[in-house]
There are 2 protein chains.
Amino acid sequence: MDKKQLILDAAIKLFVEFGFHGTPTSKIAQEAGVANGTLFHYFPTKDDLVMALYIDIKTRLNEYIEQNAKQEAGFKERVKGQYLASLYWALDHNAEFRFIQLFNASPYHTVLDPVEVDKQTKPILDMLRMGIKDKIIKDLPVDLLYTLITSHTYALNQYLAGQEFSKTKQHQYISDTFELLWDMLT
Amino acid sequence: MDKKQLILDAAIKLFVEFGFHGTPTSKIAQEAGVANGTLFHYFPTKDDLVMALYIDIKTRLNEYIEQNAKQEAGFKERVKGQYLASLYWALDHNAEFRFIQLFNASPYHTVLDPVEVDKQTKPILDMLRMGIKDKIIKDLPVDLLYTLITSHTYALNQYLAGQEFSKTKQHQYISDTFELLWDMLT
DNA sequence: TCCTATATTGACTGAACACTCCACAAAATT
DNA sequence: AATTTTGTGGAGTGTTCAGTCAATATAGGA
């Protein structure tokens with residue numbers, strides 16, 4: 001068993017439930033079933049843990065999107081692929097997705113390496129630029145559009161997580177809200 | 001000079017910059033220029049302070065919206081009035097607006113009195129319901145639409161706050177994104 | 001088998017923190 | 001003016017926490 005992963009898993013759960021301030025490292029170690037010192041063996045500081053967690057989660061989400069959002073079809077289908085993949089992943093990894101939101105709203109977000117952030121968002125911005133060039137979507141700054149799309153996605157996830165819908169209803173709302181998003185963009 | 005207000009002002013500033021976990025009550029008192037004990041005279045616990053702060057800010061925002069979003073015109077103008085008022089207020093009270101976001105993403109949000117929350121959102125939900133009945137906007141659950149509208153608004157504020165735009169540009173983006181929002185809803 | 005490197009433990013520490021307490025000041029009430 | 005209530009101060013307190021450390025375990029290579 002990978003203790004490092006146990007620690008990360010415990011940390012997600014507790015951070016999402018109690019926030020960063022509300023979860024001592026001791027509780028994380030306890031929840032993970034490891035000794036206090038073990039946590040600091042893998043993560044020198046609590047901040048390192050938070051950062052590592054964010055990077056880990058974001059990486060896995062991006063991998064999932066890359067593998068599941070097909071590239072072949074037309075522009076709308078490509079955007080939709082990204083949107084659906086994000087939300088399907090979020091349905092299965094709710095704590096992780098909420099952690100991303102928590103992190104984004106927190107001051108940690110500002111200490112992220114901008115280069116790394118750019119690298120992750122660039123493909124999407126490029127896609128949007130192409131849509132603008134082809135006069136498919138509205139001509140507005142792509143980073144603005146990106147912000148709006150992202151927040152739309154998070155908002156839907158929060159909505160779905162906040163209530164107990166059937167799988168069918170969930171998928172329906174995901175489709176429906178993609179159409180809203182699309183109407184917004186075009 | 002109202003020390004209570006000094007404390008609230010200092011708290012907003014520090015919470016937004018360092019997060020809840022990163023701002024000790026001692027720093028808040030120091031920033032406010034009052035003694036440690038004075039803070040606890042007004043706010044028995046740190047949590048009470050956070051809560052009071054949220055309620056205070058939310059109240060002022062709502063008052064501003066109520067006074068500035070005119071009621072008379074047609075449906076689109078009424079929705080637009082709300083949107084513009086929110087964002088204009090946010091431009092002048094950026095820390096406060098970011099505090100609301102921080103709070104919403106935090107675990108504090110779950111301990112809010114649901115009755116109070118309902119009371120604040122009801123007018124907007126009623127407005128949306130009317131729009132649906134009149135076939136102006138799409139027929140989806142109003143609380144879902146509300147979530148999407150809210151997050152759209154926060155997202156734009158975050159975008160505007162993140163870069164240094166001229167007043168003109170800011171107003172233009174606020175108008176432009178309202179049209180996006182409207183296209184999404186209708 | 002020995003040796004070295006890495007993993008794991010949990011008691012410990014020093015600092016930071018939320019909050020208390022009591023003294024005193026200012027205002028309000030009588 | 002006397003008395004009560006409310007505001008203000010800041011040193012003090014008990015606790016909690018992030019992070020250390022030295023001892024022990026585990027594993028892998030020579």
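In what follows, chains carry the letters A, B, and so on, assigned in the order in which the sequence lines appear, proteins first and then strands, with residues in each chain numbered from 1.
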Verify the contact: side-chain N or O of B:Y42 to OP1 or OP2 of D:dT6, cut-off strictly under 4.0 Å; return yes or no.
no
Using whole Å, report how far NZ of B:K3 lies from C1' of D:dT6.
14 Å
Choosing from D:dG7, C:dC19, D:dG19, which nucleotide comes nearest the side chain of B:K46?
C:dC19
Check the distance between D:dG19's P and A:L49's CG and give it to me in whole angstrom.
10 Å
Between B:F43 (CZ) and D:dT8 (P), how many Å, whole number?
12 Å
Which listed nucleotide (D:dG7, D:dA18, C:dC17) is nearest to the side chain of A:P24?
D:dA18
So, does B:K27 get its side chain near the phosphate of C:dC17, meaning an N or O under 4.0 Å from OP1 or OP2?
no
Determine: side-chain N/O of B:K4 to OP1/OP2 of D:dG7, distance under 4.0 Å, yes or no.
no
Ignoring the backbone of B:A35, work out which of C:dT9, D:dA18, D:dG10 is nearest its side chain.
D:dG10
Rounded to whole Å, the CD1-P distance (A:I28 to D:dC17) equals 11 Å
A:D48 CG - D:dT20 P separation (whole Å)
11 Å
Go through the steps to decide whether A:K169 and A:E164 satisfy the test salt bridge (charged side-chain N to carboxylate O under 4.0 Å, His left out), and finish with yes or no.
CA-CA 10 Å; A:K169 261 266 170 263; A:E164 305 226 336; over 6 Å; no
Can you check salt bridge (charged side-chain N to carboxylate O under 4.0 Å, His left out) on B:K13 and B:D9, steps first, answer last?
CA-CA 6 Å; B:K13 188 184 157 189; B:D9 290 345; over 6 Å; no
Checking C:dA7, D:dG9, C:dA18 against the side chain of A:H41 (C-beta onward), the nearest is C:dA7
In whole angstrom, give the distance that lies between atom CG of A:N36 and atom C1' of D:dA22.
15 Å
Ranking D:dC17, D:dG9, C:dT9 by distance to the side chain of A:S26, first place goes to D:dC17
Whole Å only: how far is the NE2 atom of B:H21 from the P atom of D:dA18?
10 Å
Just wondering, do A:Q172 and A:F165 contact through their side chains at under 4.5 Å, heavy atoms?
no
Output the single nucleotide from D:dA18, C:dA7, D:dT8 whose closest atom is nearest the side chain of B:T38.
D:dT8
Side chain of A:F40, heavy atoms from C-beta onward: which of D:dT8, C:dT8, D:dA18 has the nearest atom to it?
D:dA18
Is the B:H152 to B:Y83 ring centre distance short of 6.0 Å?
yes
B:Y108-B:D47 side chain donor-acceptor pair, cut-off 3.5 Å:
yes
Whole angstrom value for the distance that separates C1' of C:dC17 from CZ of B:F20:
17 Å
